Amino acid sequence: MRNIKVLGSGCAKCQATVALIDDVAAQMDVEIKVHKVENPEEIMAYGVMSTPAVIVANKLVHKGSVPSRELVESWLKVFNL
Amino acid sequence: MLQIFTYFADWLVYDLLGLAPSTKLADALHFFIEDSSKIFALLFVVIYVIALLRASLNVEAVRDYLAGKNRFLGYLLGSIFGAITPFCSCSSIPVFLGFTSAGIPLGITMAFLITSPLVNEVAVLLLISLLGWQFTLVYIAVGMLVGMTAGLFLDQINAQRWLQSFAAKALQQGHQQTFHAIENELDTSPKMRFNERHQFAKQETIDIFKRVWKWVFIGVGLGAALHGFVPDNWIESNLGDGQWWSVPAAVLLGIPLYSNATGVIPVMESLILKGLPIGTTLAFCMSTVAASFPEFILLKQVMQWRLLATVFIILLVSFTVVGWLLNIFSSFFFIN
């Protein structure tokens, strides 16, 4: 399953990140599942300190801000291969 | 150089709108226009420049630097980094846990977290432009001192025993517990090309603007209302002597009110110009910023009630004492 995890405790930026990823995925016609990790204990277990953070296929690809659309597209392009 | 905003406000209020100077409405409107235009222009330029410089500083680097430092140096550094490190307040908890799981003592983490909302580049630049550099230095010193003292006190009473159990455990284990093994693809090298810096700075500027523009209008609006509609004598004659009870009252009043540091500074300016003593004003404004219910609700996730209450009381007492001291000292020399 193409998993993307978004780490963040539910603030506006974190929600915007989830929405953006869903939006880009729909636009690119890529099927993905976005998991929201909101529990602080779990976020700590990933060793992440700046949220929102994005993990794609077990790799930390972004942290500290809402990613740009281009960046999200680059992640999803991999799934299209 | 900043007179340009005065001229702009003059033109808009007196020429374009034709209002008579020194009427309450004209006064308030002039204050509003001058201050908000000045603030937005300054925000734009200064945030960008400072962000360029700060692009390679991140909380992970701060954590690695603070871990294992000597206690007393730690409080000072924690506070300094809190003042200069950018992070979104929704990251407070991840930052708290990140520091804690690296074994950084609770007091140092709290020095960081307390100073952070009080002292940031936006607050500093506003203070310099509205109230001058002497007052700004006082503000920064107070913000850092409160953070450091709170941290020191918390460690002295072993407040870490009042952390939620998972956080307490993380502190004891003292190193990064990554149960979920993930690869970190992000470039952690401190060298950054200019374009990367520019991108970061641009994004920071946009982000901060989006976050604070409402506060600027609200803060300046309140300041303007105060400026235009509260008679010059009223504050001076009722509270101008810095009566001892006015400081704790100001601190208590600040608790239910919440504002970003940005929004509260124009209000501070107005209060001071109206003759409210420096100590009372500072106590009120810092209480408004630091004693915020949203932040405390977040902290509940990692702290037990007792710790939350302790932090809360420490802050209130600190601001009251600072208020009293500043009121006493400002009568010895003229600040601002």
Side-chain angles (χ1 to χ4, degrees), chain A residues 1-21 32-79 81, chain B residues 55 57-64 85-102 104 109 112 164-167 169-171 173 175-188 199-200 202-204 206-208 210-211 294 297-303:
Chain A
M1 189 68 232
R2 289 140 178 195
N3 279 318
I4 298 190
K5 297 195 183 95
V6 175
L7 276 56
S9 29
C11 73
K13 278 199 205 170
C14 313
Q15 285 161 357
T17 307
V18 173
L20 177 64
I21 296 177
I32 52 151
K33 184 97 171 57
V34 179
H35 296 273
K36 280 183 270 192
V37 179
E38 292 180 353
N39 179 286
E41 216 174 328
E42 260 204 83
I43 296 178
M44 177 176 81
Y46 280 102
V48 164
M49 287 215 303
S50 347
T51 55
V54 184
I55 297 177
V56 176
N58 246 17
K59 295 192 185 140
L60 178 67
V61 292
H62 184 78
K63 61 180 160 82
S65 61
V66 181
S68 67
R69 186 164 270 265
E70 294 79 33
L71 199 50
V72 178
E73 281 169 10
S74 70
W75 303 329
L76 296 182
K77 246 179 229 157
V78 180
F79 289 146
L81 300 170
Chain B
L57 180 65
N58 57 53
V59 280
E60 284 80 9
V62 175
R63 175 200 57 205
D64 294 338
T85 308
F87 71 92
C88 158
S89 62
C90 69
S91 293
S92 297
I93 298 303
V95 167
F96 184 96
L97 290 173
F99 279 21
T100 303
S101 43
I104 296 174
T109 306
F112 182 92
Q164 297 281 13
S165 53
F166 77 93
K169 203 167 53 162
L171 179 62
Q173 277 159 347
H175 56 272
Q176 200 65 48
Q177 278 282 320
T178 29
F179 296 107
H180 304 285
I182 50 170
E183 290 170 52
N184 192 328
E185 283 229 320
L186 298 170
D187 181 8
T188 46
Q199 288 302 326
F200 173 82
K202 191 174 82 164
Q203 196 57 48
E204 264 288 275
I206 296 175
D207 280 348
I208 292 183
K210 275 203 239 171
R211 222 181 337 139
I297 289 173
L298 275 179
L299 286 174
K300 177 72 182 63
Q301 293 175 309
V302 294
M303 295 182 176

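Reminder, nothing fancy here: chain letters follow the sequence lines and each chain counts from 1. Values in this document were obtained by computation on a predicted structure and should not be read as measured data. The figures here come from the full heavy-atom set of this structure, side chains too, leaving out hydrogens, waters and symmetry mates.
B:Gly98 and A:Met49 make their closest contact through CA-SD, 3.1 Å (heavy atoms, listed as atom of the first residue, atom of the second, distance). Closest of all the heavy-atom pairs between B:Pro94 and A:Thr51 is CG-CG2, 3.7 Å.
Atoms NZ and NZ, from B:Lys210 and A:Lys13 in turn, are 9.0 Å apart once rounded to the nearest 0.5 Å. Rounding to the nearest 0.5 Å places CD of A:Glu41 at 11.0 Å from OG of B:Ser101. Interatomic distance, A:Ser9 OG to B:Gln301 CD, rounded to the nearest 0.5 Å: 6.5 Å.
Considering only residues two or more places apart in sequence or on other chains, B:Gln203 meets the side chain to side chain contact (heavy atoms under 4.5 Å, CB included) condition with B:Asp207.
B:Lys300 NZ: more than 12 foreign heavy atoms inside a 6.0 Å radius.
Residue B:Phe96 does not touch chain A at all, counting heavy-atom pairs closer than 4.5 Å. In this structure, chain B has heavy atoms under 4.5 Å from both the backbone and the side chain of A:Ser50. Heavy atoms closer than 4.5 Å to chain A are found in both the backbone and the side chain of B:Glu60.
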